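Keep in mind that this is a model prediction, so the values were computed, not measured. Just so you know, residue 1 is the first one in the sequence shown, and it goes up from there.
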Amino acid sequence: MGFFTAEIKTLNDLFVHTLKDIYYAEQQIAKNLPDMIEKATDPGLKNGFQTHLSETKGQITRLEKVFQMHGVEVQGVDCPAIDGILQEASDVAGDVDDKQVLDAALIAAAQAVEHYEITRYGTLIAWAKKLGRDDCASILQQNLDEEKATDEKLNTLALRSVNEKAA
C-alpha cells in the first residue's frame, strides 16, 4: 500500500501507514548496520555505526510503544524507498577497493538513510500533533533527535577526516 491508495482516507490512516513505513525501515537498517560496521575501517566511523545500531534498536522499541499507544497493531509495511537506499549503499560499497574511499562512501550512504528517517519522523510528529497525539509526538521526537545527531556526527567525521583521507 503506497501513499496514494484508496486504503488511505484520513490523516490518521496516513499517520498509521507512515508509522508502519518507518518501522519497516528501522528494522531493515538494523539488519544492514552490522555489514556497514564490518566494512568500515575508520575507527570513528566503525564506533559511530555501532552506537547507531544500539540507538536503532531503541528507536524500534519506541515505535512499538507508539503503535500500542495509538491502538494499532505493531507491523511494518514494505518501504521501497529504504530498500533502494540500502541496496544502493551495498552496491557502492561492493565496488570500492580503496578503504579510505570506502569509508567516505559508507558515510554518504548512511547520511542518505538518516535523511530519509529525518523526513519521516518530522512528518509523523506533525501529523501526531494534528491528531491530538502529543504523547506519540514526544516519543517520535526522541527518535528524530537521535537521527539528526547521527547525521551531524557523520557530517563532522566526513569533513574533519574521512573525506581528506579519501582524497
Separation of [Y] [atom2] from [X] [atom1] (nearest 0.5 Å):
X	Y	atom1	atom2	answer
L131	L11	CG	CG	4.5 Å
I29	K31	CD1	NZ	12.0 Å
R133	L140	CZ	CG	10.5 Å
C79	H17	SG	NE2	8.0 Å
C136	I125	SG	CD1	11.0 Å
I37	Q50	CD1	CD	5.0 Å

Sequence neighbours left out, what pairs pass side chain to side chain donor-acceptor pair (under 3.5 Å) with at least one residue falling in residues 158-167?
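Output for this query lists D42-K165.
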Should [X] and [Y] count as side-chain neighbours, where that means a heavy-atom distance under 4.5 Å?
X	Y	value
H52	L33	yes
V162	Q100	no
M69	I139	yes
L53	P34	yes
D83	Y24	yes
T41	L102	no
Q142	D145	no

Answer with yes or no whether the side chains of N143 and E147 bring together a donor and an acceptor at under 3.5 Å.
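No donor-acceptor contact under 3.5 Å links the two side chains.
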Applying ring-ring contact (aromatic ring centres under 6.0 Å, His included), which residue pairs with at least one partner in residues 76-104 are found, sequence neighbours left out?
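Qualifying pairs: none.
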Sequence neighbours excluded - ring-ring contact (aromatic ring centres under 6.0 Å, His included) pairs with any residue from residues 91-125
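Counting only pairs at least two positions apart or across chains, no ring-ring contact (aromatic ring centres under 6.0 Å, His included) contact touches residues 91-125.
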For [X], side-chain hydrogen bond (donor to acceptor under 3.5 Å, both in side chains) partners two or more places apart:
X	answer
D91	Q87
Q111	D151
N12	H70
Q28	none

Using the test ring pair (Phe, Tyr, Trp, His ring centres under 6.0 Å), find all partners of Y23 that sit at least two apart in sequence or belong to another chain.
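For Y23 the ring pair (Phe, Tyr, Trp, His ring centres under 6.0 Å) partners, ignoring immediate neighbours, are F67.
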Could you list all the salt bridge (charged side-chain N to carboxylate O under 4.0 Å, His left out) pairs where at least one residue sits in residues 54-65, not counting sequence neighbours?
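For residues 54-65: R62-E146.
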Can you list the residues that meet the salt bridge (Lys or Arg N to Asp or Glu O under 4.0 Å) rule with D134, with sequence neighbours excluded?
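Testing D134 for salt bridge (Lys or Arg N to Asp or Glu O under 4.0 Å), a comparison that skips the adjacent residues, returns none.
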Going by the rule salt bridge (Lys or Arg N to Asp or Glu O under 4.0 Å), which residues pair with K39 if we only count those two or more places apart in sequence or in a different chain?
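With neighbours one apart ignored, the set is D35.
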More than 12 heavy atoms from other groups under 6.0 Å of CD on E88:
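For E88, atom CD is not crowded (no more than 12 foreign heavy atoms under 6.0 Å).
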Candidate list V74, V77, V72, D78, test side-chain contact (heavy atoms from CB on, under 4.5 Å), partner K20, passing option
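It is V77; the other options fail the test.
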Candidate pair L144 and K148, rule side-chain contact (heavy atoms from CB on, under 4.5 Å), full reasoning:
CA-CA 6 Å; L144 177 60; K148 286 181 176 180; 3.9 Å; yes
same_hphob_cluster(V101, L159) at 4.5 Å side-chain heavy-atom cutoff
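V101 and L159: separate clusters.
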Return the set of residues passing side-chain contact (heavy atoms from CB on, under 4.5 Å) with A40 (not counting sequence neighbours), or none when no residue passes.
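Once residues adjacent in sequence are excluded, the partners of A40 under the side-chain contact (heavy atoms from CB on, under 4.5 Å) criterion are L45, K46, F49, D103, L106.
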Using every non-hydrogen atom in the two residues, find where A109 and I85 come nearest and quote the distance to one decimal.
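In terms of heavy atoms, the two residues are closest at O-CG2, 4.4 Å.
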Atom of G44, atom of L157 and distance for their closest heavy-atom approach
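Heavy atoms of G44 and L157 come nearest at C-CD2, 3.8 Å.
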Main-chain N/O of N47 paired with T51 side-chain donor or acceptor, under 3.5 Å
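Indeed, once roles are kept as given, a pair shorter than 3.5 Å links the two residues.
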Do the side chain of T18 and the main chain of D21 share a donor and acceptor less than 3.5 angstrom apart?
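It does not hold such a pair.
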